[in-house]
Amino acid sequence: MAQRPQLLKKCLEAQPVFQKRCRAMATSASNADVTTGSIKQLQGDLRSGARSAVEVAKEYLERVAKTEPSVRSFLHVAEESALEQAAAIDRAIEGGKALGPLAGVPIGVKDNICTKGLPSTGGSRILENFTPPYDATAIARLKAAGAVIIGKMNCDEFGMGSSTENSGYHITANPWDLTRVPGGSSGGSAAGVAAGQVMASLGSDTGGSIRQPASFCGVVGLKPTYGLVSRYGLMAYASSLDCIGPLANSVEDAAIVLGAMAGHDEADSTSEKQKVPDYTANLRPASELDSRPLAGVRLGLISETMGEGVDPGVVTAIQAAAAHYEQLGAVVEEVSLPSFRQGLPAYYVLAPSEASSNLSRYDGVRYGLRVEGDELTSMYGKTRDQGFGAEVKRRILMGTYALSAGYYDAFYKRAQQVRTLIQRDFQSVLSKYDALLSPTVPTTAYQIGEKTEDPLSMYVGDIMTVNVNLAGLPALVVPCGLDQGLPVGLQLVGPAFGEAELLRLGHVFEQTNSTWRNADLPELVVAR
Amino acid sequence: MTVAARALHHGRALQHLTGAGKIWQTDAANSNKLLQKLGIAQHCRVAHHSSHSLGAIRQHRKVSCSAGESRRVDPPDVADLAVRARLEVSSEEIEDWTPKIGKIIDWFGQLQEIDVEGVPPALRAGGDRTGNTVQKDEPRAFGNRDALWDAVPSKEGPFIRVPKILNESTD
C-alpha cells in the first residue's frame with residue numbers, strides 16, 4: 001500500500017543504529033530462523049552451557065534487525081546495554097552463582113515504563129529526549145531476576161488508544177498481517193512477542209491495553225489484579241485503573257514474568273500487601289494431565305459479550321473454546337452481567353478525567369519538551385500543544401469538561417457510582433463461578449487507518465475489557481483460534497488476587513488446544 | 001458548600017486516594033461563567049431512548065431540566081476548556097474536535113438512565129476489598145538528584161528558569 005514507503009522511512013529514521021544493517025539485509029527473511037523456545041527451555045540451555053546469554057541476546061537482536069522494517073515494534077533498541085546485561089549473566093553462570101528466574105531472557109518494555117538510562121517517551125513527543133533517572137519497580141525486579149532488556153516498545157501516547165496509531169512516533173504493524181494494527185495501547189509489546197523479537201514483554205492495561213493487543217497478535221497477555229504489581233515508574237494515565245502486566249508466548253512464561261515483579265512496594269501507595277504465591281506451581285505439562293483435569297471448575301460465559309455487535313468468527317472461536325473447556329471437565333454456563341454495557345461510557349468519563357489531572361505535570365518546567373513563551377501560561381500552552389498528540393489533547397479536554405463545576409455530579413460522580421454497580425455484579429457472579437469467559441475484542445485486527453477518523457468507533461472496541469479495570473480484577477487472554485487467518489483471544493476473568501488459578505485454567509486450555517499453532521505466523525518480509 | 005468548593009473538595013479527595021497529580025482548580029467566578037457559557041442549569045436530567053445491544057451505542061440526547069422543558073445540550077466550549085487545561089489549540093482543531101467531543105459527551109448521556117439511587121461512588125479500584133495501603137508519611141531523599149537536575153530545560157544558578165508570570169485576565 002502507498003503508506004508503506006513513508007512508514008518504512010519513519011522506521012529507519014527512528015532507529016539510526018540499525019539503518020545500515022536494515023539496508024544491508026534487503027532480502028526476505030524466512031521464519032526458519034524465528035527465535036523460539038520458552039523461558040524454562042532457555043534457562044535449561046544456559047545452565048547446561050548449550051547457549052550463552054550473549055548468544056541468545058545476539059540472536060534476538062539479529063531478529064529485531066531483520067524484522068523491524070516490517071513490524072516497527074520498537075521505539076528504542078538497547079543493543080549495547082542488552083549485551084552488557086547478557087555478559088553479566090554469563091559471568092554469573094561461569095562463577096557458579098544462582099540464576100534468577102528470568103536469567104538471560106530477552107524482554108521488551110512498553111515505553112511508558114521508566115527504564116533508567118534508556119529513553120522513555122511514553123509514546124509522546126513531550127518526552128522525546130527524556131531519560132529517566134530511575135527504574136520502575138517492575139523493571140528493577142525483572143533486572144534483579146536476570147532479565148535482558150532488548151528495548152522499549154512502541155505504544156499509543158501515554159496509553160491512550162487501542163491501535164498504537166496514536167503513538168507520536170510511528171505505527172507498529174501486526175505481524176500476522178502487516179496492513180493491520182497490532183492493537184493498543186501496548187501494540188509494540190504484543191507485536192514484539194508475536195514476531196519473535198523478544199521472548200516476553202511488559203505492557204500496561206488501563207482499559208484493555210495488554211489484553212486487546214494480545215488478542216490481535218495471538219499472544220498471551222495478563223492484566224493482574226490492581227495493586228498486585230507496583231505502578232511506581234509507570235507513567236500515569238488513569239491512576240485508579242492502570243496496571244503493569246506481562247505478554248508472552250505461553251501462559252507459563254507469563255506466570256514466570258508475573259512472579260518476578262508482583263508484590264508490595266513501599267513506593268506505590270496503592271500497592272497491596274498480598275502474599276505472592278508461586279504462579280507456576282500448579283502449571284502441569286500436558287502429559288501429566290488426566291482426561292478431565294478441570295473437573296469441578298465452574299466457568300461463566302458472559303452472555304452480553306456473545307450477541308449482536310461481535311464478529312461471527314469471534315463468536316464461533318469463543319464457543320469452540322467454551323466447548324473445549326467442557327471437554328476438560330469444566331461446567332460452562334451462560335451468565336448475565338446486567339451492568340456490563342454501562343462500563344464503557346463510565347470508563348470514558350473516568351479515565352480521561354484522571355488523565356486530565358495526571359497529564360498536567362507535563363508543563364515544560366522541570367523535564368521533557370519545553371517550548372518557550374513570553375510568559376508562563378503561554379509556555380505551558382505551547383509546550384503541551386506541540387508535545388501532545390490529538391487523541392491525548394481530546395481526552396484531556398473531555399476530562400476537564402467532566403470534572404468541571406456543574407458537570408462533576410452528572411458525569412464523574414455518576415460514573416463512579418456505575419463503577420460500584422459493576423464491581424458488585426462481578427463480585428456476585430464470581431461467588432458462583434471460578435472464572436468468567438468472554439471474547440477479548442468484538443473483532444479481529446482491523447486495517448491501519450480504518451478507525452482513526454472517528455474516535456468513538458475505536459472506543460466501542462474496548463467493550464469487553466474496560467469493566468475488568470473498573471472492578472480492579474485480573475484477566476488473562478489466551479489465543480484460542482483464528483478468524484480468516486487473524487488471531488482471536490479468549491479472555492478469562494478471575495477474582496481479585498486469583499492469578500494462580502486463572503493461569504492454571506489458561507495453561508490447561510493452551511496445552512490441550514490443538515486448533516492453535518504459533519508456527520502459522522506468516523513470513524515477515526524485510527524492507528523492499 | 002458552593003459548587004466550586006465541592007469540586008475542589010472532591011478533586012483533593014481524588015488526588016489523595018489515587019495518587020494523581022495536580023488537579024486543575026477553578027475558582028467560583030470562573031465556574032459560574034462556565035455554567036453560563038455552556039447554557040446549562042445545574043440539575044438537568046437526561047432522557048433518551050436506547051436499544052440494549054452492543055451495536056447501538058451511539059444515540060441522540062435531549063436534556064430535560066427539572067422545570068420540565070427540554071433543551072439540547074450545548075456542545076462543549078473547546079476553546080474555554082483548552083484555556084483551563086493549559087492547552088493551546090488552533091481554530092482548525094477547535095472546529096474539528098468540537099463535534100467529535102460533543103458526540104462522545106452525548107454518548108455519555110446514557111449514564112443518566114441508570115438508577116444509582118443510594119449507590120456510593122467507588123473511590124477505590126478494589127471496591128469493598130479492604131487493605132491497609134496507606135503509605136507512612138516519612139520523607140525519603142531521592143538518590144539520583146543530579147540526574148533530576150540535568151533534565152531541567154532551562155537553569156540559572158540554583159534556579160529553574162521560566163518565563164515571567166503575568167496576572168491572568170479573567171474574561
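Throughout, a chain's letter reflects where its sequence line sits, starting with A, and its residues are numbered from 1.
Most heavy-atom pairs under 4.5 Å with chain A, from the set L148(B), V116(B), V162(B): that is V116(B). Chain B forms more heavy-atom pairs under 4.5 Å with one residue of P132(A), A346(A), P345(A) than with any other, namely P345(A). Among L369(A), V418(A), D385(A), the residue making the largest number of heavy-atom pairs under 4.5 Å with chain B is D385(A).
Heavy-atom distances place both the backbone and the side chain of R366(A) under 4.5 Å from chain B. Only the side chain of I160(B) comes within less than 4.5 Å of a heavy atom of chain A; its backbone N, CA, C and O stay farther away. Neither the backbone nor the side chain of T383(A) comes within contact range of chain B; no heavy atoms are under 4.5 Å apart. In this structure, the portions of S154(B) lying under 4.5 Å from any heavy atom of chain A include both its backbone and its side chain. With a 4.5 Å cut-off on non-hydrogen atoms, K100(B) touches chain A through its side chain but not through its backbone. The contact between Q342(A) and chain B is made by backbone and side chain atoms together, counting heavy-atom distances below 4.5 Å. Residue L241(A) does not touch chain B at all, counting heavy-atom pairs closer than 4.5 Å. Neither the backbone nor the side chain of A238(A) comes within contact range of chain B, judged by heavy atoms closer than 4.5 Å.
Taking CD1 of I101(B) as the reference point, atom CE of M398(A) lies at 7.0 Å (rounded to 0.5 Å). From L111(B), atom CG reaches atom CD of Q417(A) across 10.5 Å, with rounding to the nearest 0.5 Å. Note that CH2 of W107(B) and OH of Y459(A) are 8.0 Å apart. Values are rounded to the nearest 0.5 Å. Summarising the geometry, atom CD1 belonging to I105(B) is positioned 8.0 Å from atom OH belonging to Y407(A); distances are rounded to the nearest 0.5 Å. The CD1 atom of I396(A) sits 13.5 Å away from the CZ atom of R86(B) when rounded to the nearest 0.5 Å. Interatomic distance, CG of D77(B) versus CG of L397(A), reported as 10.5 Å (0.5 Å rounding).
Taking 4.5 Å as the heavy-atom cut-off, the residues of residues 137-146 of chain B that approach chain A are R140(B), F142(B), N144(B), ordered by number.
N469(A) pairs by the side chain to side chain donor-acceptor pair (under 3.5 Å) definition with D205(A), R211(A), not counting sequence neighbours.
Remark: the backbone N or O of I165(B) is not paired with any side-chain donor or acceptor of E375(A) at under 3.5 angstrom.
In this structure, Y348(A) and F108(B) approach most closely via the heavy-atom pair O-CZ, 3.1 Å. Looking at every heavy atom in both residues, R384(A) comes nearest to A85(B) through NH2-O, 2.9 Å. Between T400(A) and R84(B), the shortest heavy-atom distance links the atoms CG2-CB, 4.0 Å. Looking at every heavy atom in both residues, P133(A) comes nearest to A147(B) through CB-CB, 3.3 Å. The minimum heavy-atom distance between P455(A) and I104(B), with the atom names listed, is CB-CD1, 4.3 Å. Across every non-hydrogen atom of D454(A) and K103(B), the tightest pair is OD2-NZ, 3.2 Å.
E372(A) CD: more than 12 foreign heavy atoms inside a 6.0 Å radius.
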